[in-house]
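As structure tokens, the structure follows; a few thoughts come after it.
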Amino acid sequence: MSKKNANFAADLVAGIDPGAQAPAARRPGIGASVLAGRESRLAELATGSVVSRTHELVDPARCRMWAGHNREYALLNEERCADLIESIKAQGKQEMPAIVRRVKDDPAFDFEVICGARRHWTISWLRAHNYPDFRFLVDIRSLTDEEAFRLADLENRARDDLTDLERARDYLRALDAYYEGRQKVMAERINVTESWLSRYLDLARLPAELMAAFALPQDLRIKHVTAIKPLLKPEDRRQRVFAEAGRLAQVQSDRAAPMPVPDIIRALALAADPPKRSGSPKKSGKPETIVSEGGKPLLKVEAVDRKGLKLTLLPHAGGTRAEAEAALKALLDQHWS
DNA sequence: CTATTTGCAAGCAGGTAATG
DNA sequence: CATTACCTGCTTGCAAATAG
């Protein structure tokens, strides 16, 4: 994952859609500068301005996290910040400034951190561990909430810090908070395709009754939504799936072992379409070899699922072509309906 | 009509089997 | 053992389908 995300980050910074595959669409020349000043460049692109910069060294205790900050500050620890701790110790200072804005509504704080929770945590930690003189290097901006959101999002996407679900929920919140519920506008603003955004929002919109089935919701990814969402379509299936979700929640709370996401989805899909067909004795994924009347293998059915079936033709096993054609035709009749 | 969702195939990465 | 060929699953944007 890490390698792919590195490319992803580069694309982002270069101002290209995250999934842009077309090499022709790449803007030449920008890539190199990415390595130079990644974060400040991120900032410029996000706000569209390179205006006045105010870098200052401040007391981290006078900074709070921005309310819209989607990173779980409480989850930060020495291990997750180890790289930063080392780097700052080695450099003797904080290399990249965090991005903050002034706060006026709370006498306990002067700033709130838009980007740089880890840096804030690290400086605070160092001050408490033999480096009381370190101060928090910040870049003070005046940003609207929406600008702050885009900036934070850009950074989070580049660093791949959040789970799909966290990001999805963040987007759903932002959609109403900053974009009046307009996906198209939001997609344009944060530089992603509408379909990409649509899929993320789908994840955040999965009903709570359904989410209950997942002991570890953070393992739920975008790719799973495609499989889950159709299960909620007709009302009766929806109800069956909810019921099964409740059962699964129960099962997993009883015994302490959480089920893997794919297993849960399989169970839900099964509940959605209960006994299924009657005359199809296909047990499970066992390959089934179809033989001729004379006992010669003709073709082997490797797998059958709702997407289709996979088979291997066996032209060298002794059966005749006519027999194979007949067997194939029978299969087609059976599965094509 | 516009906005959103969804089916689909291309491109990619990582894994596994085949080859030397 | 090291390379190479092959396979599989994943992500993504496009465009068609559908919702509103």
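So that the names make sense, note that chain A is the first sequence line, chain B the second, and so on, each numbered from 1.
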>> Between C1' on B/dT5 and CD1 on A/I228, what's the gap in Å once rounded to a whole number?
In response: 17 Å
> Can you check the A/R167 CZ to C/dT11 P distance for me, whole Å?
Replying inline: 12 Å
> Is A/L197 reachable from A/L220 through a run of hydrophobic residues whose side-chain heavy atoms are each under 4.5 Å from the next?
Replying inline: yes
> Between A/Y200 (OH) and C/dT12 (C1'), how many Å, whole number?
Replying inline: 11 Å
>> C/dT11, OP1 or OP2 - any side-chain N/O from A/R221 closer than 4.0 Å?
In response: yes
> B/dT6 C1' sits how many Å from A/K229 NZ, rounded?
Replying inline: 8 Å
> Is the distance from OP1 or OP2 of B/dT5 to the nearest side-chain N or O of A/S195 less than 4.0 Å?
Replying inline: no
> Do any side-chain nitrogens or oxygens of A/R205 fall under 4.0 Å of OP1 or OP2 in B/dT4?
Replying inline: no
>> Students often get this wrong, so: under 4.0 angstrom with heavy atoms, is A/Q183 touching a base, only sugar-phosphate, or nothing?
In response: sugar-phosphate
> A/R199 CZ to C/dT11 C1': how many Å, rounded?
Replying inline: 9 Å
>> I'd like to know if A/E146 pairs up with A/R150 as an ion pair, taking the criterion as any Lys NZ or Arg NE/NH1/NH2 lying under 4.0 Å from an Asp or Glu carboxylate oxygen.
In response: yes
> Should the ring pair A/Y171 and A/F149 be called parallel, tilted or perpendicular, given that the plane angle runs from 0 to 90° and is split at 30 and 60?
Replying inline: perpendicular
>> Quick check for you: among B/dT4, B/dT5, C/dT11, whose closest atom lies nearest to any side-chain atom of A/K223?
In response: C/dT11
>> Between A/S198 and B/dT5, is there a contact of a side-chain N or O with OP1 or OP2 at under 4.0 Å?
In response: yes
> Relative to the ring of A/H129, is the ring of A/W125 parallel (under 30°), tilted (30 to 60°) or perpendicular (over 60°)?
Replying inline: parallel
> In terms of side-chain heavy atoms of A/K184, which of C/dG13, B/dT5, B/dT4 is nearest?
Replying inline: B/dT4
> Rounded to whole angstroms, how far apart are CD on A/E194 and C1' on B/dT4?
Replying inline: 8 Å
> What is the distance, rounded to the nearest whole Å, between atom NE2 of A/H224 and atom C1' of C/dC10?
Replying inline: 11 Å
> Taking NZ, NE, NH1 and NH2 as the nitrogens, is one of them in A/R173 or A/D170 under 4.0 Å from a carboxylate oxygen of the other?
Replying inline: yes
> In whole angstroms, how far is the P atom of B/dT4 from the CH2 atom of A/W196?
Replying inline: 16 Å
